[in-house]
Engineer: 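Pasting a structure below so you can have a look.
Note that the coordinates shown come from a computational prediction; the quantities given were computed from them, not determined experimentally. So that the names make sense, note that chain A is the first sequence line, chain B the second, and so on, each numbered from 1.
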Protein chains: 2
Amino acid sequence: MSLRHAVLALLEVGSMTGYELAKHFDQSVAYVWSAQHSQIYTELRRLETEGLLAVTTVPRGPKELATKRAYRLTEAGAAELHRWVTAIETPASVRDPAYVKATYLEYGSYAEARAQFRAHRTHYEEQRNWYEAHVDVLERRGTALLQRRLNRAPGPAHEAIVAYKVHAYRGLIERAKAEIAWAEDGLELVTRLAAGADPDTPVLQPDAAD
Amino acid sequence: MSLRHAVLALLEVGSMTGYELAKHFDQSVAYVWSAQHSQIYTELRRLETEGLLAVTTVPRGPKELATKRAYRLTEAGAAELHRWVTAIETPASVRDPAYVKATYLEYGSYAEARAQFRAHRTHYEEQRNWYEAHVDVLERRGTALLQRRLNRAPGPAHEAIVAYKVHAYRGLIERAKAEIAWAEDGLELVTRLAAGADPDTPVLQPDAAD
DNA sequence: AGCTCCATGTAAGTCGTTACATGATTCA
DNA sequence: TGAATCATGTAACGACTTACATGGAGCT
């Protein structure tokens with residue numbers, strides 16, 4: 001249930017349409033919690049019916065033929081945002097496809113195992129790069145959203161606002177680095193195991209026999 | 001879609017009832033992919049209708065009033081297991097509630113932020129301990145499942161079978177350690193930010209005003 | 001007789017994905 | 001006039017969670 005709270009946090013900076021919110025979402029929260037625009041619209045409607053958001057329908061276009069819906073936080077929404085930040089949640093149980101596959105690599109060849117680790121490394125190198133770029137942007141206070149957030153906040157809070165976000169993304173950078181190191185250790189492991197063996201036949205042929 | 005493949009991998013060691021499979025699951029795959037027993041039974045039925053598993057109904061009890069269903073891998077199931085290990089999947093996008101909350105800690109007090117990081121640390125310390133214990137068990141080849149797996153496999157494959165699993169769990173240990181370090185850095189950060197401020201009032205009061 | 005384990009599910013609901021669908025506005 | 005962008009959704013499906021439900025077997 002992080003999407004709803006991410007939405008509340010985004011709207012704390014001021015009212016926005018679903019479309020605007022989705023844009024800002026893609027450039028901020030999406031790094032830690034991905035969501036489709038369709039899901040965001042659905043969630044906005046739900047938060048509205050629950051009274052955590054209020055809506056103003058704004059006409060647009062010269063003839064006002066079209067409208068857009070501007071959402072804003074209600075008192076209840078602000079209270080829920082605060083409740084959520086304060087609440088201690090037990091993290092969801094582990095669920096990582098790459099690691100379950102890694103435990104059964106013997107059903108493939110050494111070459112195939114290597115390919116898995118290489119893909120893993122490449123993926124997390126990309127992640128690391130994204131996160132590093134995002135930390136740079138945050139430190140330069142370079143997103144419109146962060147600007148709005150800082151403008152609304154009293155001066156003494158500015159440091160904390162930026163520091164919390166930077167800390168989170170730095171954590172993700174370290175995590176990505178750990179994944180890269182793990183993949184590289186995996187490649188070394190495969191090299192060691194494969195010494196003198198055929199790299200292209202499965203280490204163990206999966207077998208239907210009982 | 002890791003559950004189905006984990007099930008196939010478990011059944012590669014030989015036929016089992018859903019109940020037995022769920023037990024083994026809890027002591028192996030569950031460390032990387034949690035699932036309820038109810039979901040396992042559902043998945044077994046589905047794999048059966050898809051032809052990846054075959055079933056034998058076995059009577060039990062002295063009067064054979066009850067039955068149990070023993071599942072085994074079919075040729076198609078073994079092929080699917082091999083296909084999966086070989087396939088390169090793009091990892092699901094990031095989705096971590098702890099990190100989204102960490103980016104919005106300014107809506108709570110410093111004391112509350114500290115509580116979040118402490119809970120995070122405690123959680124991953126537990127995880128690290130479980131994983132470390134599991135690595136020990138694996139290295140001693142101490143689970144019934146691993147024994148069955150090794151018994152079915154040719155000698156030269158034994159090293160790789162154990163090594164892949166140990167490598168996966170060692171990766172999870174490193175990951176847990178990274179989370180612990182991140183939480184500790186977070187605690188330090190809060191201490192720095194909180195210097196001279198009231199620890200119990202929100203850094204920023206979430207506000208409904210537009 | 002009663003407790004624990006063995007054994008197998010169903011039902012309702014939530015969260016999220018993928019694909020589809022529509023139409024106005026703005027600007028070149 | 002055509003393309004990109006603004007703007008908002010619906011529908012079907014899949015994975016998973018939570019809670020409920022049932023009954024035999026084995027042992028004391």
Engineer: Specify the separation, in whole Å, of atom OH of B/Tyr71 and atom C1' of C/dT8.
Structural biologist: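 So the OH-C1' distance, B/Tyr71 to C/dT8, works out to 9 Å.
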Engineer: Using only heavy-atom distances, determine whether the side chains of A/His5 and A/Glu80 contain a donor-acceptor pair under 3.5 Å.
Structural biologist: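 A donor-acceptor contact under 3.5 Å links the two side chains.
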Engineer: Let me know the distance between CG of B/Leu21 and P of C/dC6, rounded to the nearest Å.
Structural biologist: 15 Å
Engineer: Restricting both atoms to N or O, compile the protein contacts to nucleotides 21-28 of chain D shorter than 3.5 Å, with distance only.
Structural biologist:
residue, atom, partner, partner atom, Å
D/dG23, N2, B/Arg60, NH2, 3.4

Engineer: Side chain of A/Thr17 only, heavy atoms from C-beta on: which candidate in C/dG9, D/dT8, C/dG16 is closest?
Structural biologist: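 Per side-chain heavy atoms of A/Thr17, the pick is D/dT8.
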Engineer: Kindly say if B/Tyr19 contacts the phosphate of C/dT8, meaning a side-chain N or O under 4.0 Å from OP1 or OP2.
Structural biologist: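 For C/dT8, OP1/OP2 do not have a side-chain N/O of B/Tyr19 under 4.0 Å.
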Engineer: Indicate whether the side chain of A/Thr67 and that of A/Arg60 have a donor and an acceptor atom separated by less than 3.5 Å.
Structural biologist: no
Engineer: Less than 4.0 angstrom between a side-chain N/O of B/Arg4 and OP1 or OP2 of D/dA15, yes or no?
Structural biologist: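 So the side-chain polar atoms of B/Arg4 never come under 4.0 Å of the phosphate oxygens OP1 or OP2 of D/dA15.
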Engineer: Within this structure, what is the NE2-to-P distance between A/His5 and C/dC15, rounded to whole angstrom?
Structural biologist: 10 Å
Engineer: Given A/Arg69 and A/Thr56, is the side chain to side chain donor-acceptor pair (under 3.5 Å) satisfied, shown in steps?
Structural biologist: CA-CA 6 Å; A/Arg69 299 163 55 80; A/Thr56 313; over 6 Å; no
Engineer: Does B/Lys23 place a side-chain N or O at less than 4.0 Å from the phosphate oxygens OP1/OP2 of C/dC6?
Structural biologist: yes
Engineer: For DNA chain C, determine which residues of residues 32-48 of chain A have any heavy atom closer than 4.0 angstrom to one of its atoms, and list them numerically.
Structural biologist: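 Close to the strand are A/Trp33, A/Gln36, A/Ser38, A/Gln39, A/Arg46.
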Engineer: Nearest heavy atom decides the nucleotide; on that basis, is B/Lys68 or B/Ser93 closer to the 5' end of DNA chain C?
Structural biologist: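 On the 5' side of the pair lies B/Lys68.
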Engineer: Taking the side chain from B/Lys165 and the backbone from B/Val135, do they hold a donor-acceptor pair closer than 3.5 Å?
Structural biologist: no
Engineer: Looking at A/Tyr99, I'd like to know if the NZ or CZ of B/Arg175 sits under 6.0 Å from its six-membered ring centre while staying within 45 degrees of the ring's axis.
Structural biologist: yes
Engineer: Is the closest side-chain heavy-atom distance between A/Leu3 and A/Phe25 below 4.5 Å?
Structural biologist: yes
Engineer: Would you mind checking if A/Glu20 and A/Lys23 are paired as a salt bridge, meaning a charged N to carboxylate O distance below 4.0 Å?
Structural biologist: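 No, this pair does not count.
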Engineer: Applying salt bridge (Lys or Arg N to Asp or Glu O under 4.0 Å) as the test, list every pair that has at least one member in residues 129-146 of chain A; sequence neighbours left out.
Structural biologist: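 Found A/Glu139-A/Arg170.
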Engineer: Without swapping roles, check the side chain of A/Tyr104 against the backbone of B/His82 for a donor-acceptor pair under 3.5 Å.
Structural biologist: no
